[in-house]
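Notes for the one structure printed next.
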Amino acid sequence: MPHDDVARRLIVGLDVPDLRTAQAVVHDLDGTVSFYKIGYQLAFAGGLAFARELVEAGKSVFLDMKLLDIDNTVAKGVENIARMGVTMLTLHAYPKAMKAAVEAARGTPLCLLAVTVLTSMDEQDLIDAGYEYDPHTLVLRRAEQARLAGMGGIVCSASEAAAVRKIVGHDVAVVTPGIRPAGADHGDQKRVVSPGDAIRAGASHLVVARPIIAAPDRRAAAQAIIAEMAEAGRPV
C-alpha cells in the first residue's frame with residue numbers, strides 16, 4: 001500500500017482545548033496528515049467553524065459527535081452536518097437513530113459511522129451501565145444492526161475489527177480508536193492495539209491522538225505510524 005494512500009487512512013484526533021493548539025497541530029503535520037477528527041472538546045471551542053476551514057483547505061474531517069436523540073432531531077442534525085462537507089460523522093449504534101441518519105444523509109458523500117462500544121469501556125463498565133452483553137458480543141450485535149441500517153462504517157476497538165469485518169464485508173469502513181504504538185501510554189483506553197495489528201485485523205482507518213499531538217516531534221510520530229501501517233499491508 002503506497003504511503004500516500006496509507007496517510008489518508010490515518011485520522012489525527014484534535015483532542016486539544018483550543019483552536020490555537022489545533023491550528024499548531026495541523027501546521028506541524030501539513031504534508032504528512034490530511035485527515036483530522038474533531039470531537040466535543042474542540043467543537044465547543046470553535047471547532048465547528050474550524051472544521052469548515054479544514055474542509056475548505058482540502059482536508060478531510062471526521063466529526064465525532066456520537067449523535068443520539070429522537071429520529072427527527074438526529075435527521076435534522078445530519079442534514080446540516082452533511083452541508084458542512086465533512087467526510088465522516090459518528091452516532092451511537094441504536095437502530096432507529098441509524099435509520100433516521102441514513103435517510104437524512106442519502107445522496108450526500110457523508111460517511112456515517114456507528115459507534116459500537118467505547119474503547120474506554122470494559123465488561124464491568126457495561127454491567128454498571130445496565131447492559132447484559134460483554135463488550136465483544138455487544139460490538140458484534142451493533143455491527144450487524146449498523147449493516148442492516150445501511151451505515152457507511154463502524155467504530156470499534158481494533159481487537160474486534162476482524163470479527164466486525166466478517167459481519168460488514170469489505171465495502172464498509174472500520175474505524176479504530178484506541179491505537180497506541182509500542183511503548184505509548186494507554187491513558188484512559190482499556191482495549192488498545194498497535195497500528196500494524198489494527199490494519200492486519202481489518203481496520204480501514206486508524207484514529208490516533210495523544211501519541212501524535214503530545215509527541216516532541218509530531219510529524220515524526222505520524223510518519224512512524226504511517227510506516228507501520230504501510231508495512232502491515234492492506235486492510236482485510
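In this chain, residues are counted from 1 in sequence order.
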Give me each pair satisfying side-chain hydrogen bond (donor to acceptor under 3.5 Å, both in side chains) with a member in residues 73-83, each pair once, sequence neighbours excluded.
N80-R83
For a side chain to side chain contact (heavy atoms under 4.5 Å, CB included) check, start with the C-alpha distance between V78 and V102, then their side-chain angles and the critical distance, and finish with the verdict.
CA-CA 9 Å; V78 169; V102 168; over 6 Å; no
Considering non-hydrogen atoms only, spot the tightest contact between A114 and M151 and give its length.
N-CE, 3.5 Å
Give me the atom names and distance for the closest heavy-atom approach of A198 to T176.
CB-OG1, 4.0 Å
Answer yes or no: is there a side-chain heavy-atom contact under 4.5 Å between I11 and V33?
no
If you look at every heavy atom in I212 and L10, which pair is closest and at what distance?
CD1-CD2, 4.1 Å
Measure the shortest side-chain to side-chain distance between T116 and V164 over non-hydrogen atoms and say whether it is less than 4.5 angstrom.
no
What residues form a side chain to side chain contact (heavy atoms under 4.5 Å, CB included) with D217, not counting sequence neighbours?
R219, A220
Considering only residues two or more places apart or on different chains, which pairs with a residue in residues 38-48 satisfy salt bridge (charged side-chain N to carboxylate O under 4.0 Å, His left out)?
none
Between R165 and V172, is there a donor-acceptor pair closer than 3.5 Å when you use the side chain of the first and the backbone of the second?
yes
Within the 4.5 Å heavy-atom criterion, are D15 and R210 side-chain neighbours or not?
no
Side chain to side chain donor-acceptor pair (under 3.5 Å) against E103, all qualifying residues, sequence neighbours excluded:
R106
Sequence neighbours left out, what passes side chain to side chain contact (heavy atoms under 4.5 Å, CB included) with R20? Give chain and number order.
D18
Using the side chain to side chain contact (heavy atoms under 4.5 Å, CB included) criterion, which residues pair with K66? Sequence neighbours excluded.
Y40, D64, T90, H92, V115, L118
The criterion is side chain to side chain donor-acceptor pair (under 3.5 Å); which residues satisfy it with Y131, sequence neighbours excluded?
Y94, R142
What residues form a side chain to side chain contact (heavy atoms under 4.5 Å, CB included) with E53, not counting sequence neighbours?
F50
Q124: which residues meet the side chain to side chain donor-acceptor pair (under 3.5 Å) condition with it, sequence neighbours left out?
D128
4.5 Å side-chain heavy-atom contact, S157 and V117
no
Could you tell me which residues satisfy side chain to side chain donor-acceptor pair (under 3.5 Å) with D134, sequence neighbours excluded, listed by chain and number?
T137
Strictly below 4.0 Å, N to O, side chains only: are K99 and D71 in salt-bridge contact?
no
Residue pairs fulfilling salt bridge (charged side-chain N to carboxylate O under 4.0 Å, His left out) with at least one residue in residues 24-33, sequence neighbours excluded:
D28-R218, D30-K59
Shared ILVMFWY cluster between I81 and I70, side chains joined below 4.5 angstrom?
no
